[in-house]
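For reference, the structure discussed in these notes is given below.
When a ligand or atom number is given, it counts from 1 through the structure's own listing order.
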Amino acid sequence: MERTVVLIKPDAVKKGVIGKIITRFEEEGFTLIAAKFLRLPDDLLDDWYAHHKDKSFFPELKSFMTSTPVMAMIWEGKNVIERFRVLCGPTDSRKAPKGTIRGDYGRDVQANAIHASEDEHAANKEMDLMFLPHEIQEWKR
Ligand code: IDP
Ligand code: MG
């Protein structure tokens with residue numbers, strides 16, 4: 001079964017909407033198979049956002065992403081990668097329609113409430129960076 005990695009980012013953690021975001025995924029019928037609440041290490045962020053490491057906004061992005069702990073999760077289900085990207089909405093929260101997670105809870109292009117893996121390659125990389133094998137629970141809803 002397909003898996004994706006989600007981070008509930010510091011802006012959404014500060015807003016107190018962790019539960020509301022998780023509820024959306026539960027109501028869609030997806031299965032939570034791993035979760036932890038942690039402050040992201042600096043070197044993990046370098047790997048996670050390697051595609052942005054030369055951008056001018058990278059230092060600010062890192063300080064935003066470490067401003068509170070984040071809720072990191074793996075979710076499982078049919079087409080979960082694509083489905084979660086749709087539920088999140090576009091990167092820039094100001095352009096994200098109401099009803100999407102970023103449209104409802106995000107603020108701008110950086111503080112956009114949530115991360116969800118872009119594709120299977122990213123999902124595999126992010127699972128390896130974030131979770132140890134014994135932290136992933138195999139179960140069926
Ligand atoms: P995605 O999260 O929708 O996949 P990416 O382009 O992979 O978007 O960017 C990763 C994260 O980097 C975004 O979610 C956002 O928090 C941050 N980011 C992207 N572009 C900008 C920017 O132009 N300014 C500030 N932060 C940005
Ligand atoms: Mg991305």
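Interface atoms of ligand 1 facing H51, defined by a heavy-atom separation under 4.0 Å, are 5 (P), 7 (O). Atoms of ligand 1 found under 4.0 Å from any heavy atom of Y49 (numbered from 1 in listed order, with element): 10 (C), 11 (C). Heavy-atom proximity to R102, at under 4.0 Å, picks out these atoms of ligand 1: 1 (P), 2 (O), 3 (O), 14 (O). Close approach of ligand 1 to E118 is summarised as follows: ligand atoms under 4.0 Å from at least one heavy atom of the residue are 4 (O), 7 (O). When each atom of ligand 1 is checked for a heavy atom of K9 under 4.0 Å away, the hits are 13 (C), 14 (O), 15 (C), 16 (O). Atoms of ligand 1 lying under 4.0 Å from at least one heavy atom of H52, given by number and element, are 5 (P), 6 (O), 7 (O), 9 (O), 10 (C), 12 (O), 19 (C).
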- request: In sequence, state the C-alpha distance, the side-chain angles, and the governing distance for D11 and K9, and then conclude on salt bridge (charged side-chain N to carboxylate O under 4.0 Å, His left out).
  value: CA-CA 6 Å; D11 59 316; K9 296 186 181 183; over 6 Å; no
field: F25/F84 under ring pair (Phe, Tyr, Trp, His ring centres under 6.0 Å): CA gap, chis, key distance, verdict
entry: CA-CA 8 Å; F25 300 142; F84 272 38; 4.0 Å; yes
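With ring centers used as reference points, W75 lies 6.0 Å or more from F30.
Closest approach of T100 and V86 over heavy atoms only: CG2-O, 4.1 Å.
E28 CD: more than 12 foreign heavy atoms inside a 6.0 Å radius. No more than 12 heavy atoms of other residues, nucleotides or ligands shown are found within 6.0 angstrom of NE2 on H121.
When only interatomic distances are considered, the shortest N/O to N/O separation between H115 and ligand 1 does not fall below 3.5 Å. Considering backbone and side-chain atoms together, N112 places an N or O closer than 3.5 Å to an N or O of ligand 1.
Counting only heavy atoms of the protein, atom 17 (C) of ligand 1 lies nearest to L61 CD1, 3.6 Å. With respect to atom 15 (C) of ligand 1, the closest heavy atom belonging to the protein is V109 O, 3.1 Å. Nearest protein neighbour of atom 21 (C) of ligand 1, counting heavy atoms only, is F57 CZ, 3.4 Å. The single protein non-hydrogen atom nearest to atom 4 (O) of ligand 1 is R85 NH1, 2.9 Å, given as residue, atom name and distance.
Under a 4.0 angstrom heavy-atom cut-off, E60 registers as lying outside contact with ligand 1.
For the Mg ion (ligand 2), the nearest N, O or S atom contributed by E118 is named OE1.
With a 4.0 Å cut-off on non-hydrogen atoms, T91 touches ligand 1 through its backbone as well as its side chain.
Taking 4.0 Å as the cut-off between side-chain N and carboxylate O, K20 and D104 do not count as a salt-bridged pair. Look at K78 and E2 and you find no salt bridge, because none of the NZ, NE, NH1 or NH2 atoms lies under 4.0 Å from a carboxylate O. Ion pairing of K53 with D46 is absent here, as no side-chain N (NZ or NE/NH1/NH2) approaches a carboxylate O to less than 4.0 Å.
To the nearest 0.5 Å, atom CG of residue D92 and atom CZ of residue R107 are 11.5 Å apart.
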